[in-house]
Amino acid sequence: MADRRRINGPVGTTNPPIYDDAPEKQSEGVKVTRSRPANVIRKMYLKTGVTPSASGSAYLEIESSGNGGSGLKLSCSVHGPRALPRSTPFSPHIILSTHVKFAPFATKQRRGYIRDPIERDLGTHLETALRGSIIADRWPKSGVDIIISIVEGEQDRETSKAQGIEAWDTMNALSGCITVASVALADAGIDCVDTVAGGVAALVQDAGNDAAPSIVVDPIPSEHEKVLAACCIAYLPTRQEVTNLWFKGDLPASDMDVYTQLIEKGIQASKSANRVLVDCLNETVG
Amino acid sequence: MASSQHVLLSPAELAYLHASLNLTPPIRPDGRSPTQFRPLVAETGILPGTNGSARICFADGTEAIVGVKAEVERTRTRHDFPSLDEGTEDDDDLDDNQNDVIKGDNDWVEMTVEIPGYRDDDAGTVFLSVMLSEALLADGEFTKRLWINQRFHWKLYLDILLISPPLSYPLPLLSLTTHLALLAARLPRLKSEGDEDPLFDDDWAAAPYLYPRPSEKGSKATAPAPAARPPVTLLVMAVGNNIIFDPSKEELAVADVALAVSVGESSSTTTSTTSSKPTAMDIDTEETKGHNLRLLSVRTIDPPSRLTPPGIPNASNSAYGANAGVKDTEKKKQQQEQARTAESEAVEGVWKAPRGGAKTLVMATMVQKVLEKGGVADEVLDALDGVDLN
Amino acid sequence: MPITILPPKAFRDQPPRHSLNHDSDDVMSDATFDSEDSDSQPGGVSLDGGATIHPRKRHRSGAGAAASSTFTKRPKTNAAINSIPRSAIVTPGERITTDPQWMRGHGTYLSSASLGEQAITSSLAGIVTRTNKLLSVRPLRARYTPEVGDLVVGRIVEVQAKRWRVDVGSTQLAALPLSAINLPGGILRKRTETDELQIRTFFAEGDLVVAEVQQLFQDGGAVLHTRSLKYGKLRNGVFMAVSGTGGGGGVVRSRRQVWTLESANNGGPIDVILGVNGYVWISKHVEPVVPEEAKGQTGITNLEEVVSATMYSSQNDRIEPETMREIARIRGVVTALVENGLRVDEDMVTKGYNEAVELALVSADGPEDVYLGGERGEQLAAALTAV
């Protein structure tokens, strides 16, 4: 009878596992470049029902950029629909209020507890994106609160390059916010015309000096030499409509083609995110 | 203020507005053509205590004032800056590096928007100021103008004031006023050299403009080299396939989609990529005259139309006279069916708040209308050129 | 030309508007003022230079020149005092008279003058008006003050259990009780609980109504009613708010507040409703439709019932583009009138409209051009005042 009380070693000889050090330290001058194809978004993890006390909730994690940095981690909870306070005037529609907050430790620069303009701005964008997707007249005289906390923002460990990049990171954050809020809304059972998801595309200049600018989806700003322009799009795939568009950058007006392509890529990114979103919802229901 | 602030309009008004704006050509309530702006009165240099100021008012009395103030501030040294000691070792080396080193920081510009009747941390106010500063900082060139030397820079405060509560979404008004104030802004002439503590010329007349002027207006041969200009943000909305500029509050209330498009003008022509070259060659004369426009930012503005009360078709209106006394169950049933179709499809003359988003094609056309040669942005910049700067 | 940017206008003297102070002419002719007013301004001349900022001066601009000229004339006490009622513009705190024969009206208060006399003093900046022995001051600008019988256009802002609160541009919201409307399905039907429950199907927030002021509360709040076929919910047109009665431009009380205008360019008849409160509704004129089933029946009650069928409808009828264009033109006319400080009434709107049609004929874009903003508005106003 075999000895069950203790864990015996294997019969034969084995080599002890050796764990490789997390990605090799970047030596100076070598930049991490994008390894994914230009039109593939990063993998994401999406799960509903993470906050039992809320009517609907979701959690989203986007894998990190293999650079020792952290990925994006978002948690969203939806409270409502619930009755509005007595003082509010009659509304024939549901009143949406969005609240986006970075955790104080989410970014390199510590953020305070009071929402700063960027967070408020994100909230407005999110509201615009969601308002287009919900059927607001199904819930008259009621309100719904959508609260997103960005537990961990996307960031790079390498401090030196960080300057000027934060601005582009907000686009990725917004895209994540839209996706996660859309799932949470569906989880809360609020009528929507379609599932909205966020997608980002950027026109980037790669490290090579003479390289022509190219368009990539789901960009990680630190992987590229320079981001020339970027757009974040909230898209309804079955209706083929855009509920929110945010473009930022510097494009010559004569290059409308580039702009159009950028938007198309953004839509493509949004569609990819939408597939994850639908799978996640199927899983929840099934 | 939020664009989505509660606009109280009756469903019948909304239906009428939507119908009239959906015609080809659209009939706007105030009779303007789709691309026409409300007439405005503009002047600059109204506040002698500022580095630059401007005021614009509409005929309805809405008025905006912008003041630009600049202060000298010590630049925070960052670890990625080349240390000063290294740089000053060799004079030649310093001169060579000078241009490379000039770099700005977005923190050097502070923009505040003040709208009476709204809290300054109101989502809409924040949205407006973020949008305006985003356009200003988008190309990364603006902050370089604020660079004095490696140790000091100008800190620019842009204070945008609306004098009375707005009668319509104030974005275009604020943007045009900011544009003029920046054009009129001047910084004292620097007398010191290198990285020593900055010393400035007392003579205000000698102070250079923040945005340098094209050399002289008289010499036509050399003048056309377009100078860089601060951005303008235009509000565009669409109803059906009609694209309408500078919408009033009522018009915005029936918009299918509204966009804020920021356009800048740069002096450098080198950045335009090859694809645009052939067309530029074709219309050579146009090229020299037109503006070298750049698209800086596009944002969807949440149109208040989604929050408007829906109209009730007569067929399903219980207070509609013909239905009121009806007892016949047969007829009731018929009505219910009619009501159901009303839920799914639009009934003529009945307002229904738009659902969903906008078609990409419409959005692309809106941006195109702004940017195209001889388009609205061109003409707005031309008109702004005509404003006397003092 | 998508945008017109004008330089700021140089400040210029605006001639006093004669239409405003014609009421005061008879006050001026009243001889009692002359003697009494010398008391009402005791020692006015002997006061120091501060008195030069005398509210009597007619010029409100160019203060320096105007003030000094008034000052030089002031030693002639009686002449200066005679001019009080002539200019008839008073400012708050200015003594109007101490003569006890006058009664204190709106815009004034009683203050104790010397020797226990009571002086009627202005509490507003405006024009002195006299109605028999009642002295009142009409402000230069004011919000609408409701009076019984006024025809007003209002917007529902709140729905309560048994009444609506209506914005009529006054200091307070007006009330429209459920009992003051014609219920559908019979003009004299009894109000039921069902009606209370579905109060929002009659009028909901945002709806525009045309109504009449039925009575006033002590505090100046108005109670409206729509118990007539010409009142009810407004459809098929556009709304605009201009300043109401109270001086300056804007809607004035006149013989007819509602009329139908036969428009040019195949626009068809267009209804114009000028609410006394300054809210204006311009819409396509719709003949009441009598449904098939009601045609055979007769009787006055039935007819009224049928006509009120559309009273609570929020569905617009079909409106031709030509009609919409002319509606926009009329709206432009009203805006131009207001922006140029002219009164808005049937006469002016009709004249202005005809003028606008003429203007459009000579404009570059032809009669389809309905734009009347900016310079064209001024042109229109100039043409109207010239007549």
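Naming convention: chains lettered A, B, ... in sequence-line order (proteins, then strands); numbering from 1 in each chain.
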Of all pairs that satisfy side-chain hydrogen bond (donor to acceptor under 3.5 Å, both in side chains), the ones with a partner from residues 265-274 of chain A, not counting sequence neighbours: A/Thr195-A/Asn274
Once rounded to the nearest 0.5 Å, what's the spacing between atom CG of A/Leu251 and atom OG of B/Ser297? 11.5 Å
Would you mind checking which part of B/Ala358 comes under 4.5 Å of any heavy atom in chain A, side chain (CB onward), backbone (N, CA, C, O), both or neither? both
Has B/Asn241 got more than 12 heavy atoms of other residues, nucleotides or ligands less than 6.0 Å from its CG? no
Would B/Arg355 and A/Asp137 pass as an ion pair if we require N to O under 4.0 Å? yes
Chain B contacts, top residue of A/Asp250, A/Ile94, A/Ile267, A/Ile134 (heavy-atom pairs, under 4.5 Å): A/Asp250
Can you give each donor-acceptor pair under 3.5 Å made by side-chain atoms of residues 237-246 of chain A, sequence neighbours left out, with the distance rounded to 0.1 Å?
{"unit_1": "A/Thr238", "atom_1": "OG1", "unit_2": "A/Asp194", "atom_2": "OD1", "d": "3.1"}
{"unit_1": "A/Thr238", "atom_1": "OG1", "unit_2": "A/Asp194", "atom_2": "OD2", "d": "2.4"}
{"unit_1": "A/Arg239", "atom_1": "NE", "unit_2": "A/Glu241", "atom_2": "OE1", "d": "3.0"}
{"unit_1": "A/Glu241", "atom_1": "OE1", "unit_2": "B/Gly357", "atom_2": "N", "d": "2.9"}
{"unit_1": "A/Thr243", "atom_1": "OG1", "unit_2": "A/Ala129", "atom_2": "O", "d": "3.0"}
{"unit_1": "A/Asn244", "atom_1": "OD1", "unit_2": "B/Thr300", "atom_2": "OG1", "d": "3.3"}
{"unit_1": "A/Asn244", "atom_1": "ND2", "unit_2": "A/His125", "atom_2": "O", "d": "3.4"}
{"unit_1": "A/Trp246", "atom_1": "NE1", "unit_2": "B/Glu134", "atom_2": "OE1", "d": "3.0"}
{"unit_1": "A/Trp246", "atom_1": "NE1", "unit_2": "B/Glu134", "atom_2": "OE2", "d": "3.3"}

Can you see which heavy atom on A/Pro92 is nearest to which on B/Pro309, and at what distance? CG-CA, 3.8 Å
Just verifying a value: how many Å separate B/Leu371 CG and A/Met256 CE, rounded to the nearest 0.5 Å? 6.0 Å
Evaluate the side-chain proximity of B/Leu307 to A/Arg131: yes if any heavy-atom separation is below 4.5 Å, no if none is. yes
Find the distance between CZ (B/Phe127) and OG1 (A/Thr128) and round it off to the nearest 0.5 Å. 5.5 Å
Run the side chain to side chain contact (heavy atoms under 4.5 Å, CB included) test on B/Val367 and A/Phe247 for me, step by step, so that the C-alpha distance in whole Å, both residues' side-chain angles and the decisive distance to 0.1 Å come before the verdict. CA-CA 11 Å; B/Val367 177; A/Phe247 166 88; over 6 Å; no
Structural part of B/Ala135 lying under 4.5 Å from a heavy atom of chain A: neither
Just wondering, are more than 12 heavy atoms of other shown residues or ligands nearer than 6.0 Å to NZ in A/Lys141? no
CZ on B/Arg299 to SG on A/Cys232, rounded to 0.5 Å: 11.0 Å
Over 12 foreign heavy atoms within 6.0 Å of NZ, A/Lys101: yes
Please determine, among B/Ala364, B/Ala353, B/Gly356, the option with the most heavy-atom pairs under 4.5 Å with chain A. B/Gly356
